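Here the structure is laid out as structure tokens; the discussion comes afterwards.
Here the structure is a predicted model, which means the values were calculated and not measured.
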Amino acid sequence: MLQQQIAWAFVNTLVTVDTNAETEAAGLKLTVNLRTAEESSLGTEFDLDAVGVKGLKARAEALLEEPGVYGDAKCREAVNQVCYLDITLSADRPVVMPHTTIDFSLPIDNCPSLWLPSICTPCKNIRAKGMLEFNTGFSSHICNLAPMGAWYSAEGINKLSFALTECKDIVNVTIGAYEEAEVARCAFSLFDLPAPATTSYQVTLRFDTSCLPVFNAVSNITRFYERFLHTDIMPVPEAALEPVYSTWYAFLQNLEEQEIEEQCRLAAAVGCKTVIVDDGWQTDDNNRGYAFCGDWQVSTKRFPHFKEHVQRVHELGMKYMVWFAVPFIGSKCQHHEKYAPYCLCFAPRWNAYVLDPRYTQVRQFLVDTFTNMVKNYDLDGLKLDFIDEFDMRQADEHARAFDPERTTQSLPDAVEMLMTEIRQSLESVKSDILIEFRQNYVGPVIRKFGNMFRAHDCPNDSLMNRMTTTDVRALTGTDAKATAVHSDMTIWSPTESVESASLNFIHTLFSVPQISPNMKHLSAEHTAMVKHWLSFWHEHRDLLMHGKMYAAYPEFEYTLLGATLGAEELLMAAADHTLELFAHDEVKTLTLVNGAMKTKFVVKSATNATVPVKAVIYDCLGKQVGTQELSLSPQVQEIALPKSGYIVFTRA
């Protein structure tokens, strides 16, 4: 066994390598190098200019004086620092790297909440961003999440964010409160499955103690990954930032050519610019499941004239995308016997085989299938689903055994090859091709292969949609090159009030809207509501998608979201907060959106100055219902606001 312990500030890290006779004979060595970021590089680390860095230092001084924020002496001494641990395994000859753990702990010093990229972590405490027990966690690999997270304070301040650079191979993460030692603890487990032999392996662990809001600290991890991985992020065309109509929740697999055209006509009239035709186009079967996936031939029963159908939708001014379950070869598809020997496993829950992209013929089959579909039918993009099923943990005995016929024995390398080949082939047909991936396959490496990242499925749940879209925004950047984040397709009851239904749009303002109602079932009032909110979103799109975004109270599913861009600011409040307005002198217009189903809000000036403003008040259909002139002072005051309405404040 090789071990090395490293202490930095308030963090203690133990690296353990479980050597064996083979690795010892190969002279395997463990080296750990600790380095801290220079003062001059903190602007890059924290995404701040010189003025911002100076302000962050002043903020730290104020927080250190504030009771309760920092208690532990070592934590107090280490605010606004960044540390890197470079961990290297090296051998004299190629060897299968043995199981390795990177285990670190820190004092539980006002860090009751834990930001993680996963929404599916099993734990006893199921509150959003809750502190787990140290017997649970998640796994990451090229198609699933990333080995990262952040502990943060009751005030929403980052206490320690962390990120491991192994974003391609499987990392099993165990994390939470470790009662035995009264610490918070995280353990990264590497090489739980054998990997191809190599002479060296290096991974870096980044620690960040900046006193930024946790959303900003997590966003800085994303920027770190961009720098470290040199990611060739897939360009985001204009169409990726346009509202989408999806067939899924409204119709499931019950698709029909004329019906989709009628839905598209209605969706285009309210502002949708793209349609995603989901599962069902490729089969006559309506029994859900994936038994018929894999042939990927258009159902002529559902779409007797598919090419002309796509053209008619294009004539409505809409882009056309279709869904693929990338890894699946269904048990009832014609290809299943041909490709069964080239699969990772048979997955009973899907009633389908999972293809193994380590084989050239598998990659070629998938690339040709997708490319020909785009080329033959003039499609504008693809929704590539279930790529997280490319996972060696579910591989059968045959897939785990060595096979010289494979291009590589590494599944993550093969997935990267496949995705690279898909992107290159599709871009050769259409340079502005749209590719959608769904949470949880929204990690840093996958940003090379998709330009639309959608929140996890959460039908009829605007709060979950708000939380997941905001989490994905942190994972994909908030600047001009950020991957376009889309909401899960919103759906609501046709009998719901327009105020209640509007929350589906209000809570997802900071993502590209996707909707999936049966447009024919919407009343005139609901149709007007949809048209208004899509128009409102489009009017503020640059601010919402490319402004300086902030997000507070993640443990309550982000009840305060906002962004600034130039002289504009937009703030969405989803709970009863005291709202401090006009914190920035350059902001001349501030829009406050009511996402709390309240009729009154408490507001004040964010500075000691009094700000005279004109307020124009709108309801959830965009109808102006009042105007008011008032002075925002440092003292609180109450203002009235219609449910799901908004106020536009303009400096007088």
Any side-chain donor near an acceptor of the partner, [X] and [Y], under 3.5 Å:
X    : Y    : result
E436 : Q514 : yes
R393 : S139 : yes
Y441 : D385 : yes
Q364 : E421 : no
Y359 : D403 : yes
D86  : T204 : yes
S153 : E155 : yes
E405 : Q361 : yes
T407 : T360 : yes
S219 : N216 : no
N220 : D47  : no
D471 : Y558 : yes
S425 : T371 : yes

- prompt: Which residues satisfy the side-chain contact (heavy atoms from CB on, under 4.5 Å) test with T483, sequence neighbours excluded?
  reply: I233, R447, F453, T476
query: Listed by chain and number, what are the side-chain contact (heavy atoms from CB on, under 4.5 Å) partners of C111, not counting sequence neighbours?
result: I108, W151, K159
- request: Examine Y342 together with F365 and report whether their ring centres are nearer than 6.0 Å.
  value: no
field: Ring centroid separation F386 to W350 under 6.0 Å
entry: yes
Verify the neighbour count for atom [atom1] of [X]: are there more than 12 heavy atoms of other residues, nucleotides or ligands below 6.0 Å?
X    : atom1 : answer
E182 : CD    : no
K448 : NZ    : yes
Y553 : OH    : no
F346 : CZ    : yes

task: Any chance you could lay out the side chain to side chain contact (heavy atoms under 4.5 Å, CB included) test for I157 and R59, step after step, and finish with the verdict?
output: CA-CA 11 Å; I157 298 164; R59 175 176 169 79; 3.5 Å; yes
task: Test side chain to side chain contact (heavy atoms under 4.5 Å, CB included) on F437 and R454 and set out the steps.
output: CA-CA 6 Å; F437 293 122; R454 181 174 64 80; over 6 Å; no
Kindly indicate whether the side chain of [X], heavy atoms from C-beta on, has any atom under 4.5 Å from the side chain of [Y].
X    : Y    : answer
V415 : I387 : no
E555 : Y152 : yes
T174 : N135 : no
M321 : M452 : yes
R406 : D356 : yes
F138 : P117 : yes
E416 : I142 : yes
K29  : D92  : yes

If I take atom [atom1] from residue [X] and atom [atom2] from residue [Y], how far apart are they, to the nearest 0.5 angstrom?
X    : Y    : atom1 : atom2 : result
R400 : L411 : CZ    : CG    : 11.0 Å
T100 : L89  : OG1   : CG    : 5.0 Å
M419 : Q424 : CE    : CD    : 13.0 Å
E166 : L190 : CD    : CG    : 7.0 Å
F215 : Y550 : CZ    : OH    : 11.5 Å
S90  : M97  : OG    : CE    : 7.5 Å

task: In sequence, state the C-alpha distance, the side-chain angles, and the governing distance for E226 and K481, and then conclude on salt bridge (charged side-chain N to carboxylate O under 4.0 Å, His left out).
output: CA-CA 11 Å; E226 290 175 3; K481 64 179 179 179; 3.4 Å; yes
- prompt: Can a cation-pi geometry be assigned to R76 and Y70, taking NZ or CZ under 6.0 Å from the six-membered ring centre and within 45° of the ring axis?
  reply: no
field: Within 45° cone and under 6.0 Å: R423 NZ/CZ vs F449 ring
entry: no
What heavy-atom pair brings [X] and [Y] nearest, and what distance separates the two atoms?
X    : Y    : answer
T19  : L28  : CG2-CD2, 4.3 Å
S210 : N80  : CA-OD1, 3.3 Å
P444 : L229 : CB-CD1, 3.9 Å
I170 : D391 : CD1-OD1, 3.7 Å
L426 : V374 : CD2-CG2, 3.8 Å
P94  : T199 : N-CG2, 3.5 Å

- prompt: Between F228, F207, F224, F162, which is the residue that forms a ring pair (Phe, Tyr, Trp, His ring centres under 6.0 Å) with Y84?
  reply: F224
- request: Kindly indicate, with the supporting measurements, whether the criterion side chain to side chain contact (heavy atoms under 4.5 Å, CB included) is fulfilled by R358 and R363.
  value: CA-CA 8 Å; R358 294 177 294 178; R363 298 196 307 279; 5.6 Å; no
Residues [X] and [Y] bridged, charged N to O under 4.0 Å:
X    : Y    : result
E179 : R185 : no
K57  : E39  : yes
E557 : K129 : no
R438 : D457 : yes

message: Under the criterion side chain to side chain contact (heavy atoms under 4.5 Å, CB included), I'd like the reasoning laid out for S189 against V171: C-alpha separation, chi angles, the key distance, then a yes or no.
response: CA-CA 6 Å; S189 183; V171 178; over 6 Å; no
query: Which word best sums up how the rings of F191 and Y201 line up, parallel for under 30°, tilted for 30 to 60°, or perpendicular for over 60°?
result: perpendicular
Atom pairs and distances, donor-acceptor, side-chain atoms in residues 7-18, under 3.5 Å, two or more places apart:
unit_1	atom_1	unit_2	atom_2	d
T16	OG1	Q3	NE2	3.1
D18	OD2	H99	ND1	2.8

- prompt: Distance-only, no hydrogens or angles: does the Q394 side chain make a donor-acceptor pair with backbone N or O of E389 under 3.5 Å?
  reply: yes
message: Taking T408's backbone N and O only, do any of them form a donor-acceptor pair with D413's side chain (distance below 3.5 Å, no angle check)?
response: no
